[in-house]
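The block underneath contains the structure these notes are about, expressed in structure tokens.
Below, read A as the first sequence line, B as the second, and so on, with proteins coming before strands; counting in each chain starts at 1. Bear in mind the structure is a predicted one, so any value in this text is a computation, not a measurement.
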There are 2 protein chains.
Amino acid sequence: MILVIAGKRLETHGIRGLNIKDIAQDAGINHGTLLHHFGSAEGMRTALLTNLTEALIADMSAILNSDAPADTIFVELFRLMSQSGHNKLLAWRALEDAEYSPLAEGPSEKLIQQILDGVTRRIQGRDITLAQNIIFLALSSAVGWGICGPALKQSMGMSRTQQDQFPAWVGEQLPKLIQD
Amino acid sequence: MILVIAGKRLETHGIRGLNIKDIAQDAGINHGTLLHHFGSAEGMRTALLTNLTEALIADMSAILNSDAPADTIFVELFRLMSQSGHNKLLAWRALEDAEYSPLAEGPSEKLIQQILDGVTRRIQGRDITLAQNIIFLALSSAVGWGICGPALKQSMGMSRTQQDQFPAWVGEQLPKLIQD
DNA sequence: AATGCTATTAACATTTGTGTCAATAGGTCT
DNA sequence: AGACCTATTGACACAAATGTTAATAGCATT
């Protein structure tokens, strides 16, 4: 529950909003209590990072393991990454610790392998490199979409509905890359 | 010169490295001097943000206005976004102030319009929506690539060279989307 | 040389964030 | 009830970041 409140502060106030005094105040508790639970302010931030990362992995897994058709999987992926918490997590990671990344270790590594297997199966017999490139394109654009999609949309004069349809368009296009 | 040092601290120490005492020490000057010039610590950070944004826009403009062939433009775009300073800028923006974004205002808006015109010209007569979608895909994946490309590469077991070739692959693929 | 301006500095003051501690309250187990 | 454990709190202590001020130095203009 505390971490939920902390996550909201990350969204609304950025990294500087992640201090124990403010979070404790939002939660209506004494800041000493926070220190007692997490050991230190840094410990609290690490716990939040872990928590948010697990949430992202879980959400991605849910999409992947659903029985949705291939094209809507991309739509869901983009929708997921546009959720404020998830893209802020990645932005935070990119800023704070360059050496560790939530998409490179532990359960997420397994998840990506899972995605890779799925796509490789679909393009039967073709080079795995192609599958990797396609996934790379899908994931990186989903991340970029989450981080500066709204800004790009604005400067390109795209309508709200057109922006909303972009994920579906990507879902249509990517399979074409397989065929050629 | 001060802002160059501040930018380096952003890369090496993240946002928490952007305090006037440390920056002043790196620069070998008194921290009061920094305050005198920028008015406040926040003013210094705003100046850095503006500075980095202008650098990004300038770099993008240089790529766009070069007479390089269309496919290498994508390669250059990706290379640009993988430069640490640029993707950290976007991550910082995404985290700190949700309402303002460097790709949505001022000179960058003009730049994106310029890109849009160029692509629209190439796909002669087709719907502008297609051009917008393609640009959206290219830019968003370039941003995502900059922010978590290395991590993705790692968890997908991609070799260094394959990751390096990804931009070129995108450069080959995107024109295909125009033809169909 | 005198004036005025700007840059720079050290020292101090304030504010904010973090951490410690002793005291209290509530619960569980014997 | 008594012993024990954990959670919580307020008060204080410490550290770090920011801001203020008076003094000094350098430099251009008159």
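The backbone N or O of A:Glu11 lies less than 3.5 Å from a partner atom in the side chain of A:Lys88, making a donor-acceptor pair. Judged by distance alone, with hydrogens and angles left aside, the side-chain atoms of A:Arg9 form no donor-acceptor pair with the main-chain N or O of A:Gly14 at under 3.5 Å.
One atom, CD1 of A:Ile20, and another, C1' of C:dT20, lie 12 Å apart when rounded to the nearest Å. For the pair A:Asn19 CG and C:dT16 C1', the computed distance is 8 Å after rounding to whole Å. Look at CE on A:Met1: it is 17 Å from C1' on D:dA7, rounded to the nearest Å. The separation between A:Asp22 atom CG and C:dT16 atom C1' is 9 Å, rounded to whole Å. Here C:dT8 presents its P atom at 10 Å from CG of B:Leu34, a figure rounded to the nearest Å. In this structure, CD1 of A:Ile2 is placed 12 Å from C1' of D:dA7, rounded to the nearest angstrom. A:Gln25 has its CD atom 17 Å from the P atom of D:dT8, to the nearest Å. As rounded to whole Å, 7 Å separates atom P of D:dT8 from atom CD1 of A:Ile29.
Separating the CD atom in B:Gln165 from the OG atom in B:Ser159 is a distance of 7.5 Å, to the nearest 0.5 Å. Here CD1 of B:Ile57 is found 7.0 Å from CE of B:Met60. Values are rounded to the nearest 0.5 Å. A distance of 9.0 Å separates CG in A:Leu152 from CD in A:Gln163, rounded to the nearest 0.5 Å.
Of the residues in residues 35-48 of chain B, those placing a heavy atom less than 4.0 Å from an atom of DNA chain D are B:Leu35, B:Ser40, B:Ala41, B:Arg45, in numerical order.
You'll find the side chain of A:Ile63 stays beyond 4.5 Å of the side chain of A:Phe74, heavy atoms only. Looking at heavy atoms from C-beta onward, A:Leu137 lies in side-chain contact with A:Leu177 at the 4.5 angstrom threshold. Considering only heavy atoms from C-beta on, B:Asp22 stays 4.5 Å or farther from B:Asp26 through its side chain.
End-to-end axis angle of the helix from C:dA1-D:dT30 to C:dT30-D:dA1, from C1' rotation axes over five pairs per end: 10° (rounded to 10 degrees).
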Check nucleotides 10-12 of chain D against the protein and report each pair of N or O atoms closer than 3.5 Å, with its distance, or say if there are none.
residue: D:dG10; atom: OP2; partner: A:Asn30; partner atom: ND2; Å: 3.1
residue: D:dG10; atom: N7; partner: A:Asn30; partner atom: ND2; Å: 3.1

With side-chain contact (heavy atoms from CB on, under 4.5 Å) as the test, would you mind laying out the steps for B:Ile73 and B:Phe78 before giving the verdict? CA-CA 9 Å; B:Ile73 281 187; B:Phe78 276 76; over 6 Å; no

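Salt bridge annotation for A:Glu96-A:Arg45: absent, with no cationic side-chain nitrogen under 4.0 angstrom from a carboxylate oxygen.
In this structure, B:Thr33 does not reach the C:dA7 phosphate: none of its side-chain N or O atoms is under 4.0 Å from OP1 or OP2.
Classification of the A:Trp145-A:Phe166 ring pair by plane angle, with boundaries at 30° and 60°, yields parallel.
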